[in-house]
Amino acid sequence: MRLKDKVAIITGAAAGMGAATARLFAREGAKLLLTDIDDKDGPAVAADIVRTNGDARFEKHDVSKEADWQRVVDAALAAYGRIDILINNAGISGSIPDKLDIEMWDRQFSINARGNFLGLRAVIPVMQKQKAGAIVNISSISGVVGQEYVHMGYNAAKGAVRTMTKAAAVQYAPEGIRVNSVHPGILPPMRTSKLTADPAMREKMVRAVPMRRAGEVDEVAYANLFLASDEASYITGVELMVDGGYTAM
Ligand SMILES: NC(=O)c1ccc[n+]([C@@H]2O[C@H](COP(=O)([O-])OP(=O)(O)OC[C@H]3O[C@@H](n4cnc5c(N)ncnc54)[C@H](O)[C@@H]3O)[C@@H](O)[C@H]2O)c1
């Protein structure tokens with residue numbers, strides 16, 4: 001097993017890539033503290049994992065709230081005594097019709113950028129004490145290039161995730177903490193997607209992908225697994241595209 005007895009916090013674990021990553025990590029032997037604002041589907045994912053002999057708990061959590069992060073870290077330490085891995089995955093979409101909406105800009109920075117930073121801020125002191133830890137920040141192809149159908153606040157917030165990953169990687173590498181980013185391309189629509197949930201729009205988006213198909217949530221989960229595991233022990237500060245070649249063009 002590739003994560004035997006590792007303790008992992010996964011945010012946004014009630015759905016999509018977070019849930020897929022949780023299920024894969026459980027199969028690979030990790031002990032999981034799953035979090036989400038959704039306290040219906042989140043506990044259901046944890047219960048499913050427990051039913052199949054995995055080890056998972058759920059904490060309701062808004063990643064944009066500092067106090068929530070402290071509660072999550074305390075819960076992980078109380079349950080398992082350490083934190084080896086953080087998958088900073090929770091997020092909201094920017095695919096809305098009004099590309100100049102100012103509230104969307106603020107929400108993007110509050111959840112997708114600040115939420116990610118608060119995660120780093122919460123777990124790094126624990127990992128410093130352990131002198132070990134692996135953090136995977138979920139950015140996007142939108143953190144690297146622009147798209148016609150996404151609010152620029154999403155691109156800017158995901159770009160912030162990309163570069164804060166590199167800053168944290170450089171700052172904490174001497175203390176045994178690795179920080180990398182994963183950049184999914186066209187994946188199943190997010191719960192909060194508007195424009196990109198439309199089938200005609202999706203067809204157009206997929207035509208722009210060199211592999212001519214959307215990605216599957218497990219394809220991102222496997223990238224998270226590699227970077228979180230000791231197999232990636234000399235890898236920090238990288239951005240791993242999981243995009244069917246989209247950003248290679
Ligand atoms: N789906 C895509 O096409 C795509 C592409 C690139 C990057 N991403 C990124 O991948 C990550 C996962 O996306 P997904 O496709 O699984 O989306 P999703 O909407 O299926 O899942 C995201 C989860 O995050 C949770 N969440 C939202 N706001 C939260 C908050 N403030 N606090 C805690 N939890 C919160 C939601 O309840 C949801 O369960 C996100 O960071 C997203 O930006 C998605």
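Whatever order the structure lists them in is the order used to number ligands and atoms, beginning at 1.
Scored by the salt bridge (charged side-chain N to carboxylate O under 4.0 Å, His left out) test, Lys99 finds no partners at all (sequence neighbours excluded). Partners of Asp38 by salt bridge (charged side-chain N to carboxylate O under 4.0 Å, His left out), not counting sequence neighbours, listed by chain and number: Arg191. By the side-chain hydrogen bond (donor to acceptor under 3.5 Å, both in side chains) test, Asp36 is found to be paired with no residue, residues two or more places apart in sequence or in another chain being considered.
For ligand 1, residues of the protein lying within 4.0 angstrom by heavy-atom distance are Gly12, Ala14, Ala15, Gly16, Met17, Asp36, Ile37, His61, Asp62, Val63, Asn89, Ala90, Gly91, Ile92, Ile111, Ile138, Ser139, Ser140, Tyr154, Lys158, Pro184, Gly185, Leu187, Pro188, Met190, Arg191.
Of the charged side-chain nitrogens involved, at least one lies within less than 4.0 Å of a carboxylate oxygen, so that Asp62 and Lys65 count as a salt-bridged pair.
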Would you sort out whether Thr192 and Ser93 count as a side chain to side chain donor-acceptor pair (under 3.5 Å), showing the intermediate values? CA-CA 5 Å; Thr192 42; Ser93 172; 4.8 Å; no
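A donor-acceptor pair shorter than 3.5 Å cannot be found between the side chains of Asn137 and Ser181.
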